[in-house]
2 protein chains.
Amino acid sequence: MKTSAHAASLAPFPAIESAIRATGARVTPSRVRVYALLQNAQGPLCHRDIERLLSGGALPAMDRVTLYRVLDWLAAAGLAHKAADARGVFRFSAATSDGEHLRHMHFRCTACGGVFCLDMSQPSLPELPQGFRLASAEFDIRGVCPDCAGKHP
Amino acid sequence: MKTSAHAASLAPFPAIESAIRATGARVTPSRVRVYALLQNAQGPLCHRDIERLLSGGALPAMDRVTLYRVLDWLAAAGLAHKAADARGVFRFSAATSDGEHLRHMHFRCTACGGVFCLDMSQPSLPELPQGFRLASAEFDIRGVCPDCAGKHP
DNA sequence: AGCTTATTGCAACCTTGTGGCGTTAATGAT
DNA sequence: ATCATTAACGCCACAAGGTTGCAATAAGCT
């Protein structure tokens with residue numbers, strides 16, 4: 001039995017692959033790797049985080065710019081959410097089914113930039129003035145996380 | 001009657017001046033100008049906005065870095081709030097009395113980065129898990145503002 | 001007026017993110 | 001299976017936002 005090295009690298013992620021294919025765009029190793037990584041992540045990751053996590057594996061690290069483009073593409077395709085953290089750095093997270101993450105609770109650490117999802121029911125959304133187009137709404141709580149609070153007492 | 005040019009440049013802002021002096025730090029023209037500007041602003045301003053607004057006047061434009069430092073100092077002194085907008089750029093706003101702005105509603109335009117304060121009563125704050133230190137909480141609503149919605153139909 | 005030292009201005013640098021362009025490789029057709 | 005098409009990739013340089021180091025300046029105190 002002969003299996004190409006290429007096919008083997010994509011095979012472990014059938015769901016990922018089909019989700020990408022469903023958008024009409026091409027299925028590439030970069031997209032599969034990044035999207036899979038976001039889905040397994042605990043919270044939103046920034047470009048730097050992803051670069052580090054990716055460089056650990058056996059596969060060759062992908063180009064900086066390619067990663068930026070893959071992330072922006074995932075966001076544009078609706079497969080990921082893109083939002084700036086408390087330090088002004090963009091973080092990305094996999095977009096579950098739909099709408100689940102749109103009304104969510106986040107705790108943003110102003111020291112390390114980390115984002116923690118608080119799984120709590122959220123209050124109802126208020127009415128917007130005329131002309132404003134809503135994209136997402138979240139209760140944004142800022143402060144210092146337990147880790148950083150320990151380092152800076 | 002003789003009045004020094006220096007004193008004349010600070011005289012118009014007695015409240016501003018005493019607020020700065022109350023922090024224990026030195027009262028400088030840069031701090032007075034920037035803090036006065038933030039207090040008169042309609043919404044949170046970014047570094048760029050402030051640079052432009054300042055360069056319009058008769059006084060010589062202050063240094064880029066000095067402005068960054070004045071803004072960070074205002075935030076550290078508790079006279080201003082510092083937060084990243086939807087595009088990841090820091091915006092600053094004058095800190096009114098206290099706590100008023102901490103629980104506030106904002107609409108952040110993902111196209112132009114503009115921030116609009118929505119003066120609406122806000123739902124109550126939830127409990128945080130152990131170890132998390134709260135600094136501020138706001139209902140963060142993202143989307144496209146009427147201006148940008150008109151440009152990109 | 002003179003002293004002390006917090007602020008300023010300047011220059012260089014860092015990080016995050018984007019645009020241009022030739023090359024590679026994912027897909028559809030042969 | 002091979003080929004052609006063109007979306008993605010990799011590499012380059014660049015832009016915007018933000019920070020650090022240090023010499024020169026000017027607030028505030030006596």
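Letters A, B, ... are given to chains in the order of the sequence lines, protein chains preceding strands, and every chain is numbered from 1. Atoms considered below: every heavy atom in the structure, side chains included; atoms not considered: hydrogens, waters and symmetry mates.
- The interatomic distance linking Ile50(A) (CD1) with dG17(C) (P) rounds to 10 Å, in whole Å.
- Contacts of Asp63(B) classified as side chain to side chain donor-acceptor pair (under 3.5 Å), with partners at least two apart in sequence or in another chain: none.
- Without hydrogens or angle criteria, Arg31(A) side chain to Arg26(A) main chain gives a donor-acceptor distance under 3.5 Å.
- Contact annotation: the side chain of Cys145(B) approaches that of Phe132(A) to within less than 4.5 Å [non-hydrogen atoms, C-beta and beyond].
- A donor-acceptor distance shorter than 3.5 angstrom exists from the side chain of Arg91(B) to the backbone of Gly113(B), with no hydrogens or angles considered.
- Each end of the helix from dA1(C)-dT30(D) to dT30(C)-dA1(D) gets its own axis from five base pairs, and the two axes differ in direction by 40°, given to 10 degrees.
- Between Trp73(A) and Arg87(B), it is Trp73(A) whose nearest contact on DNA chain D lies nearer the 5' terminus.
- Distance, Leu71(B) CG to dG17(D) C1': 13 Å, rounded to whole Å.
- The interatomic distance linking Arg31(A) (CZ) with dA26(C) (P) rounds to 11 Å, in whole Å.
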Protein-nucleotides 28-30 of chain D N/O pairs under 3.5 Å:
unit_1: dG28(D); atom_1: OP1; unit_2: Arg21(B); atom_2: NH1; d: 3.2
unit_1: dG28(D); atom_1: OP1; unit_2: Val27(B); atom_2: N; d: 2.7

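- Within the 3.5 Å criterion, the main-chain N or O of Arg64(B) finds a donor-acceptor partner in the side chain of His47(B).
- Look at CG on Leu74(B): it is 10 Å from P on dT8(C), rounded to the nearest Å.
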Got a list of protein N/O to nucleotides 11-16 of chain D N/O distances below 3.5 Å?
unit_1: dC11(D); atom_1: N4; unit_2: Arg69(A); atom_2: NH2; d: 3.2

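- For Asp72(B), taking side-chain heavy atoms from C-beta onward, the closest of the listed nucleotides dT19(D), dG18(D), dT18(C) is dT19(D).
- The shortest distance between side-chain heavy atoms of Asp49(A) and Arg52(A) falls below 4.5 Å.
- Here Arg108(B) pairs with Glu138(B), Asp140(B) under the side chain to side chain donor-acceptor pair (under 3.5 Å) rule; sequence neighbours left out.
- In this structure, His47(A) atom NE2 and dG17(D) atom C1' are separated by 17 Å, rounded to whole Å.
- When the C1' atom of dT8(C) is taken as reference, atom CZ of Arg33(B) falls 13 Å away, rounded to whole Å.
- Across all their heavy atoms, Phe90(B) and Ala86(A) have their closest contact at CE2-O, 3.5 Å.
- No side-chain heavy atom of Leu37(A) sits under 4.5 Å from any side-chain heavy atom of Phe92(A).
- If you measure from atom CZ of Phe90(A) to atom C1' of dT15(C), you get 14 Å, rounded to the nearest angstrom.
- If you measure from atom CZ of Phe92(B) to atom C1' of dG18(D), you get 10 Å, rounded to the nearest angstrom.
- Side-chain contact between Lys82(B) and Leu71(B) is absent, with no heavy atoms from C-beta onward closer than 4.5 Å.
- Considering only residues two or more places apart in sequence or on other chains, Arg21(A) meets the side chain to side chain donor-acceptor pair (under 3.5 Å) condition with Glu17(A).
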